[in-house]
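Report on the structure given below.
Each ligand, and each atom within it, is numbered from 1 in the order the structure gives. A quick note: this is a predicted structure, and the numbers were derived from the prediction, not measured. All residue numbers refer to positions in the sequence shown, counting from 1.
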Amino acid sequence: MSWTITETNQLDDMATDRLGNSFLLGNGYFGYRGTLEEYTKEQKTAAIVSGLYDRVGGLWREPINFPNGGFIQVVYQNQPLHAKTSRVEQHSQTLDLHHAVHDRHTVFLTDDGNRLSVHARRFVSSARLHLLCIQYTIESSRDCELVVRSGIDGDVWDLNGPHLCDFQPEVHQPLITLSAISQELHVPIAVCENTVGPGTSQTCVEAGKRILRQIRLPMKANQAQTLDKFVAIHSAKDTDNPLLAGQSLCQEAARVGFDSLLNEHCAVWEARWKRCDLQITGDAKAQLALRFSMYHLLAIAPAHTDRASIPARGLSGQVYKGGIFWDTEIFMLPFFAFEFPEIARNLLMYRFHTLDGARRKAREYGFRGAYYAWESQDSGDDACTEFNVTDVFTKRPIRTYFRDKQVHISADIAHAIWTYSSITGDDTLLLDGGAEVIYECARFLLTRLYYSREKNRYEILDVTGPDEYHERVHNNAFTNWMAAHTFEICLHLTVFLQERYPAQAEALLEKIDFQKDLEAIREVSGQVYRPAPDPQTMIIPQFDGYLALEDIALDELLRRKLDPNEYLGGGNGLATTTQIIKQADVILALHILGEKHSREVVAANWDYYEPRTEQGSSLSTCAYALTAAHIGKVAAAYKYFITTATIDLTGDSIQYVGPLYIGGTHPAANGGAWMAAVFGFCGIHWSGRTLTIDPHLPALWSEVHVPLTIHGQSLRLSVSKHEVTIQAVQPFHGEILVQVLQEVHALPQKEKLSIPLPASESKP
Ligand code: BGC
């Protein structure tokens, strides 16, 4: 149950954009948007390959959208059928989350009263990374002849393209192919296609970059005809000869056949769900939304490489330049670390491989160590520009300081590496580069400190915290806390390495010449200013002077807008001089590092910041959900959880900033939904030694089953309103401590540990 999403008769332009995102298929190597087979660039068709970027002239560098090998169009009496312009009697799109298979059913009614029904089933193979398979079945209510135009459409949707040139359409019987090279780095790419089935075909080339086979298909009334289409996508980053690799894959695919390819693909997804499926009893809506969120994370995760990570808009297009942000480390990594540690490791090794880019950025700004890119691509150099938003009134670009001032990114990465090591118990990441990244991040933050003689403390000035509406502030609580935490990690790491791996520890300190900086960190670590709760109000100021800004209600501020798309931050933004914030900032800090603070402090800050937060970023609502659950505001937590988990189902995310299109999928929210369920409602917390479970289940949830892997050990947890149970899947070494209701238990080797919970009422 709760494994499929279906949309019927959603064919307007807004729905087309939305479904393009929600019905996305992917295998980590490439993402294929949930558009229909006859669609073209106007409907935002896209096949985005992970980690491959291109820049044209002075425009933004962004991912390459590959020629669309999935193109199929039916022509009836010289009229091409198109779901958006032809007469459609019935239409539906379905995504089976369990197997990552997309189905489309459309019944067209032609002018002369013929009914043509089309069923296309497709998947992006998770067993063969370069392969897209489509099975296209057509039925006519009368005898007739159809022409099916099936091929590769190189005229693609680009935000800042065109990224490909030198198109070479070719026929290599029985295949057709389209090769091209990228503009900036001259990377050859190739898309190969094979359509197998009845009919006689001829090929044609349109406008030099569309190669099609025109298949004449005699139809008998009510007798379906089926074509199987195999598409291979390669670039010279994957193989020496993308064209040859594609040809051999397409031929191989035709030999294996659609059904067997589908079976092997489904087996991969079934195995994944066995590992991570979180089951909720009593709330089918939440169940579906959560599976949808996990599906999207898995569809775009680079399980096959540690040279790429997950961009903030996934593989759904070129939005945000295909950049990898802190979104991955803070919002997605926990899911992977607890469910697929090998993928989490890839994501973090990507940061090691891009360390030199971060070193270059630190130098560029006059600092040392690693200042990670705000928007990272393949080299780790920052793709974020100085002007990211356009003023809707003057049409002039607005100077933003995301690139220059969001220094918390380096702390976020150090934190994520440490968290991974703590959850997985895997030291190899630290030894293979993770420790070096942590040291270089700490070094950068050290050089970013300012010593206030007057206050005898170290401060961090002129930064932008998570709330991007207030730029260039002093002592942003989130940033200061995370920086201080990075110094602590750096010191713990040193002790850990010296105890366990003394030779490697020494070699690393020498290699990066870190001894002096380490001593400096030891000295300053305790003196870093960590904005604390006010003794009376318990409020933690988001930054110096925040509480003195105009305190205006959010709706009143929004009423001041002169244009619905006007940007609220930046120099002249309406929010800049007020306490209205874009997204969770202090609240996120309390989630990540709030352990030392009481529930009263969390509650006071939640009550203060929540009405002042616009939730203008998809990263925000999960933080409010998590913390609300923690303080027992279960109904509010549930509201924010549902908003987070359904963001790409409802399409309720912000689509434009100024005139800039920012739609796409929201993997940080997908990861956030999982965190809200696991850390929030189930109250699961891993301290590095003890697994604490402190549930606050929503009213509808009678039971939740959570599979988790900690230190290589698979655990099955079950949380209900009356009981917590936990069992190890295999016998384990050492000791696993479980804390429920202040009592610590050692997990037995074989039996289930069951701990009854007292009856409690959830507070709204
Ligand atoms: C948010 C950032 C986020 C970025 C990418 C922005 O709108 O403010 O925190 O990293 O989107 O998701």
Can you list the ligand 1 atoms lying under 4.0 Å from a non-hydrogen atom of [X]?
X	value
Ala312	5 (C), 12 (O)
Leu619	3 (C), 9 (O), 10 (O), 12 (O)
Asp327	3 (C), 5 (C), 10 (O), 12 (O)
Gln583	1 (C), 8 (O), 9 (O)

Quick check: closest heavy atoms across Arg351 and Ser376, and the distance to 0.1 Å? NH1-CB, 3.8 Å

Under-4.0 Å heavy-atom contact with ligand 1, by part of Ile662 that carries it: neither

Of all the heavy atoms in Arg313, does at least one lie under 4.0 Å from an atom in ligand 1? yes

Given Leu59, which of Asn160, Asp158, Leu159 fulfils the side chain to side chain contact (heavy atoms under 4.5 Å, CB included) condition? Asn160

When only distance counts, is Trp374 in polar contact with ligand 1, meaning an N/O pair under 3.5 Å? no

Lys582 to ligand 1: N or O pair under 3.5 Å? yes

Applying the side chain to side chain donor-acceptor pair (under 3.5 Å) criterion to Glu184, which one of Arg55, His163, Arg61 satisfies it? Arg61

With no hydrogens and no angle check, is any side-chain donor or acceptor of Arg313 less than 3.5 Å from a backbone partner on Gly664? no

Report the relative orientation of the aromatic rings in Phe681 and Tyr638; use parallel for angles under 30°, tilted for 30 to 60°, perpendicular for over 60°. tilted

Identify the protein heavy atom lying closest to atom 2 (C) of ligand 1, giving its residue, its atom name and the separation to 0.1 Å. Glu468 OE2, 3.7 Å

Measuring from atom 11 (O) of ligand 1, which candidate in Phe325, Trp326, Phe331, Tyr320 has the nearest non-hydrogen atom? Tyr320

Residue that, paired with Trp374, satisfies ring-ring contact (aromatic ring centres under 6.0 Å, His included) out of Tyr401, Tyr365, Phe402, Phe325: Phe325

May I ask you to say whether Asp648 pairs ionically with Arg18, meaning some side-chain N is under 4.0 Å from a carboxylate O? no

